[in-house]
Engineer: 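Here you go, one structure.
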Amino acid sequence: MSFTPLTLVLAVVLVGYVAVASPLLGKRTYDKLARTRDQDPTAYRRMFTLWSAELWALAAVALIVVAVEPGLDAADIGLVINEVPSEILGTIVGFLVAGTVGVLVLRWLAARGKPVPGQQAVHHLLPRTTAERWYAAGLSVTAGITEEIVYRGLLIAVGMGALGLSKEVAAVGALAVFVAGHLYQGWRGMLVVTLLGAGLTALYLRTGSLLLPILLHALIDLRGLVFVPRPRRAVVEHAC
């Protein structure tokens with residue numbers, strides 16, 4: 001597969017933005033939220049609206065690339081429903097059970113004022129009010145859908161089509177860009193993102209569909225931002 005000049009330009013601009021500009025802007029806006037949130041009650045809403053709009057715009061560009069590139073279709077970026085191998089289904093069930101147990105354990109820790117592992121990386125993204133929980137839930141679902149389309153689906157297709165990389169090498173490159181997008185979380189948060197992103201990438205490569213990665217990505221972010229309470233007294237110590 002080789003890209004036409006138009007789609008190649010669009011793809012290069014998109015990759016350049018998500019690899020360089022987006023991580024730097026994300027860190028800048030996160031740091032600004034950390035400085036101003038206590039003084040400005042609208043800061044949280046504005047940043048979450050901005051991040052959600054950015055993600056949907058990136059996904060729109062990705063879909064435009066697919067629409068205008070003759071050699072690329074929705075299935076090439078994982079927008080297809082394939083039969084899920086039985087062993088994958090078992091893994092998903094295990095993940096959901098483990099996730100449920102994990103939420104209960106974290107709630108138990110929080111109720112006793114214990115530090116909640118993994119939350120320090122996204123401390124300032126944690127909602128404090130019911131309205132903020134809705135914004136956090138919206139961003140979680142948005143990230144689950146759009147980041148999988150852009151970082152998993154399109155970037156792997158671009159690596160294979162524009163650079164001639166193997167699927168595995170393209171996937172590693174796409175994962176690196178995905179991790180860079182979480183620069184604002186610091187190196188500890190980015191390490192967790194690497195592990196979770198590698199799992200989602202492996203699931204995509206195994207199934208050829210983004211359906212399950214999108215679902216799991218959204219659930220991971222919902223768990224990290226919405227469904228885990230903050231400790232009552234201790235300072236908290238992740239969402240991709």
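In what follows, residues are counted from 1 in the order of the sequence shown. Any value given below was found using the heavy atoms of this structure, including those in side chains, with hydrogens, waters and symmetry copies removed.
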Engineer: Quick one: list whatever passes salt bridge (Lys or Arg N to Asp or Glu O under 4.0 Å) with D73, sequence neighbours left out.
Structural biologist: none
Engineer: For the residue pair I156 and I77, establish whether any side-chain heavy-atom pair is separated by less than 4.5 Å.
Structural biologist: no
Engineer: Using every non-hydrogen atom in the two residues, find where L210 and E148 come nearest and quote the distance to one decimal.
Structural biologist: CD1-O, 3.5 Å
Engineer: Pair K27, D31 - check salt bridge (Lys or Arg N to Asp or Glu O under 4.0 Å), show working.
Structural biologist: CA-CA 6 Å; K27 188 175 189 312; D31 291 345; 2.9 Å; yes
Engineer: Check the hydrophobic clustering (I, L, V, M, F, W, Y; side-chain heavy atoms under 4.5 Å; chains of links allowed) and say if I220 and L211 are grouped together.
Structural biologist: no
Engineer: So, Y204 side chain and R152 main chain: donor-acceptor pair closer than 3.5 Å or not?
Structural biologist: no
Engineer: Which heavy atom of H124 sits nearest a heavy atom of Y44, and at what distance?
Structural biologist: O-CE1, 3.9 Å
Engineer: What I'd like to find out is whether the side chain of R46 reaches to under 4.5 Å of the side chain of Y135, using heavy atoms alone.
Structural biologist: no
Engineer: Are the charged groups of D40 and K32 less than 4.0 angstrom apart, N to O?
Structural biologist: no
Engineer: Would you say V66 and D76 make side-chain contact, with heavy atoms under 4.5 Å?
Structural biologist: no
Engineer: To check you understand the geometry: which heavy-atom pair defines the closest contact between A198 and L175, and what is its length?
Structural biologist: N-CD1, 3.8 Å
Engineer: Same cluster or not: are V177 and V61 linked, directly or through other Ile, Leu, Val, Met, Phe, Trp or Tyr residues, by side-chain heavy atoms under 4.5 angstrom apart?
Structural biologist: yes
Engineer: Which heavy atom of S140 sits nearest a heavy atom of L225, and at what distance?
Structural biologist: OG-CD1, 3.8 Å
Engineer: Tell me if a side-chain donor or acceptor on S209 pairs with a main-chain N or O of V80 at a distance below 3.5 Å.
Structural biologist: yes
Engineer: Answer yes or no: is there a side-chain heavy-atom contact under 4.5 Å between M160 and K167?
Structural biologist: yes
Engineer: Compare every heavy atom of A11 with every heavy atom of V158, then report the nearest pair and how far apart it is.
Structural biologist: CG2-CB, 3.9 Å
Engineer: Is the shortest side-chain heavy-atom distance between F3 and L72 below 4.5 Å?
Structural biologist: yes
Engineer: Linking I/L/V/M/F/W/Y whenever any side-chain heavy atoms sit under 4.5 Å apart, do V12 and V20 land together?
Structural biologist: yes
Engineer: If every non-hydrogen atom of A180 is compared with every non-hydrogen atom of A19, which pair is closest and at what distance?
Structural biologist: CB-O, 4.4 Å
Engineer: Would the W51 and Y184 ring centres measure less than 6.0 Å apart?
Structural biologist: yes
Engineer: Please tell me if the side chains of T129 and E132 come closer than 4.5 Å, counting only heavy atoms from C-beta onward.
Structural biologist: yes
Engineer: Could you label the plane-to-plane angle of the H182 and F178 rings as parallel, tilted or perpendicular, counting under 30° as parallel and over 60° as perpendicular?
Structural biologist: perpendicular
Engineer: Under a 4.5 Å side-chain heavy-atom rule over Ile, Leu, Val, Met, Phe, Trp and Tyr, are L125 and F227 clustered together?
Structural biologist: yes
Engineer: Taking the side chain as every heavy atom from C-beta outward, state whether I214 and I145 have any atom pair closer than 4.5 Å.
Structural biologist: yes
Engineer: Determine whether more than 12 heavy atoms belonging to other residues, nucleotides or ligands lie under 6.0 Å from atom CH2 of W56.
Structural biologist: yes
Engineer: Determine whether V172 and L163 fall in the same hydrophobic cluster, where Ile, Leu, Val, Met, Phe, Trp and Tyr are linked whenever their side-chain heavy atoms lie under 4.5 Å apart.
Structural biologist: no
Engineer: Has the side chain of E69 got a donor or acceptor atom that lies under 3.5 Å from a matching backbone atom of T4?
Structural biologist: yes
Engineer: Less than 4.5 Å apart, side chain to side chain, heavy atoms only: is that true for V18 and L58?
Structural biologist: yes
Engineer: Begin from the C-alpha positions of L139 and L55 and carry the test side chain to side chain contact (heavy atoms under 4.5 Å, CB included) through to its verdict.
Structural biologist: CA-CA 9 Å; L139 182 62; L55 288 172; 4.0 Å; yes
Engineer: Do S52 and T49 get their side chains close enough for a donor-acceptor pair, meaning under 3.5 Å?
Structural biologist: no
Engineer: Is the backbone of V226 close enough, under 3.5 Å, to the side chain of R133 for a donor and an acceptor to pair up by distance?
Structural biologist: yes
